[in-house]
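Shown next, in structure tokens, is the structure this report addresses.
All values reported here derive from a predicted model rather than from experimental measurement. Hydrogens, waters and symmetry mates play no part in the numbers below; they use all other heavy atoms, side chains included.
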Amino acid sequence: MEQIIITLVLISLGYFFGRHAEKRHYKSIIQREQTMNALPAIASRIPPSDGYYQQTLVSGNVVIANDYFKTFAAGLRNLFGGKVSSYESLLDRGRREALLRMKKEAQDLNAQLVFNVKYETASISKGNNNKMPMIEVLAYGTALNKI
Amino acid sequence: MYSNPNIPEDINTSKEHPLKEFSVLLIGALVLLVTATIVLGFLGGWLAGKIPFSVEVKITNLYEVPEKEVSSQQQKVQVYLQNLADKIQKTQQMPAEMKITVHYLSGDTLNAFATLGGHVILYRGLLEKMSSENALTMLLAHEIAHVKYRHPIKSLGRGVAASIAISAISGSVDSTALGEAGLLTTLKYTREMEQQSDVEAMHTLNTIYGHIGGGSDLFKEFQKMRDKEDMPEAPAFLSSHPLDQDRIDHFETIANKQHWKLTGKLTPLPAVFNSITHH
């Protein structure tokens, strides 16, 4: 019985804190994306051919942990199968935050463009069932400065 | 030439409220858990009932507890209880290989139970509450009927199968809490088992004494004990023993149906019994 109560408390704490943190994070992401739009990051592997550029590797890295509520919901989803929507926003936030951090590095270099942008994701808690799922997202690309 | 548009917000993530999905999943999981527990538990109990009694005895003999030194008074009570059990066993027409072994324990615990291998355990605490031999026979016959109908092994089989179902489901969700919720559905003996034993015990009582007087004293005693301890009865759904009042009513309904006499001359308990129980 205590186990049920403890779990219910953890789920509600996870729900309220996790949701609050996610809302705040999204707000910050959307706001920063708008200001960073001046510096485009593209996936194309072909650099612009209108002159000479200084090329620098830039990267952005982020680690995000899941909250208890989302982990529990995903566990329930495990029984029935289907879209794990509780993890979707976690990965979405991870990718966008990593790209923003990469852009920040490029911006500090006064770059005009980041090209050949790629993503890598990794699960830090991989294989450990007792641990909250944690993901790492890495975005990297080549920043260009016109010479 | 190069540009990044604003990222649309509803493509990569779901806009549905997380609690909606969560409640649907949770209800689904609980329904699955309860169904699996009941179905597998039922199958487990059914299969366990097919285990021959001789095998059950062999298994329990592996865990034989060494006999403790007991006073001669206690020994006499033990012999008396064993003789009563043998008489009940004959009355219940149990197969000869089903040997009932009575164990008298001098603890204060208000309990008596039948377990695997035909062992019936009686505590002094509960025996003290017996008003007559008739009430004691009702108690002992009830426990012996559990053995006759293989209830201990059936409930063990049920419990094992149910806990496998629970751990399989709660393991895949990674939650022990879900497992505990499932455990609420597995109880020691089912109410049907208790009722079956009650009816068998009444039958025994009637055959031995010619009436079933004193039989319901047992339930009335339970009711009194619960009142005194200020311990409210668990709701019928959760408790394995039918509610005391339900049992008393059931007792009378069955008696009327079978045309058994509800009252008659009560046989007192032997002196040796009283000497050890009433200090």
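Using a cut-off of 4.0 Å between Lys/Arg side-chain N and Asp/Glu carboxylate O, B:K15 and A:E88 are scored as not salt-bridged.
For the atom pair B:S3 OG and A:L39 CG, the distance stands at 12.0 Å (nearest 0.5 Å). Atoms OG and CZ, from A:S86 and B:F22 in turn, are 10.0 Å apart once rounded to the nearest 0.5 Å. Between B:E16 atom CD and A:S85 atom OG the span is 6.5 Å, to the nearest 0.5 Å. Rounding to the nearest 0.5 Å places CG of B:N4 at 7.0 Å from CG of A:L99.
Nearest heavy atom pair, residue B:A29 against residue A:F80, reads N-CZ, 3.5 Å. Between A:N37 and B:P5, the shortest heavy-atom contact is ND2-C, 4.1 Å. Contact between B:P18 and A:F69 at its shortest, heavy atoms only, is CB-CE2, 3.9 Å.
In terms of non-hydrogen atom pairs under 4.5 Å with chain B, the most contact-rich of A:Q34, A:K70, A:R77 is A:R77. Among the candidates A:G82, A:S44, A:A41, the residue making the largest number of heavy-atom pairs closer than 4.5 Å to chain B is A:A41. Heavy-atom pairs under 4.5 Å with chain B peak, among A:I11, A:L113, A:L90, at A:L113.
Counting heavy atoms of neighbouring residues, nucleotides and ligands inside a 6.0 Å radius, atom OH of B:Y149 exceeds 12 of them.
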(Q) Quick one, B:E9 with A:R96, criterion salt bridge (charged side-chain N to carboxylate O under 4.0 Å, His left out). Give me CA distance, side-chain angles, the key distance, then yes/no. (A) CA-CA 12 Å; B:E9 289 302 326; A:R96 288 162 77 172; 2.7 Å; yes
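The part of A:Y15 that comes within reach of chain B is its side chain, from C-beta onward, which places non-hydrogen atoms under 4.5 angstrom from that chain. In this structure, chain B has a heavy atom under 4.5 Å from the side chain of A:Y26, while its backbone stays farther away. For A:I30, the part lying near chain B is the side chain, with the backbone staying farther off; criterion is any non-hydrogen pair under 4.5 Å. Heavy-atom distances place the side chain of A:R19, and not its backbone, under 4.5 Å from chain B.
Residues of residues 139-147 of chain A never come closer than 4.5 Å to chain B when only heavy atoms are counted.
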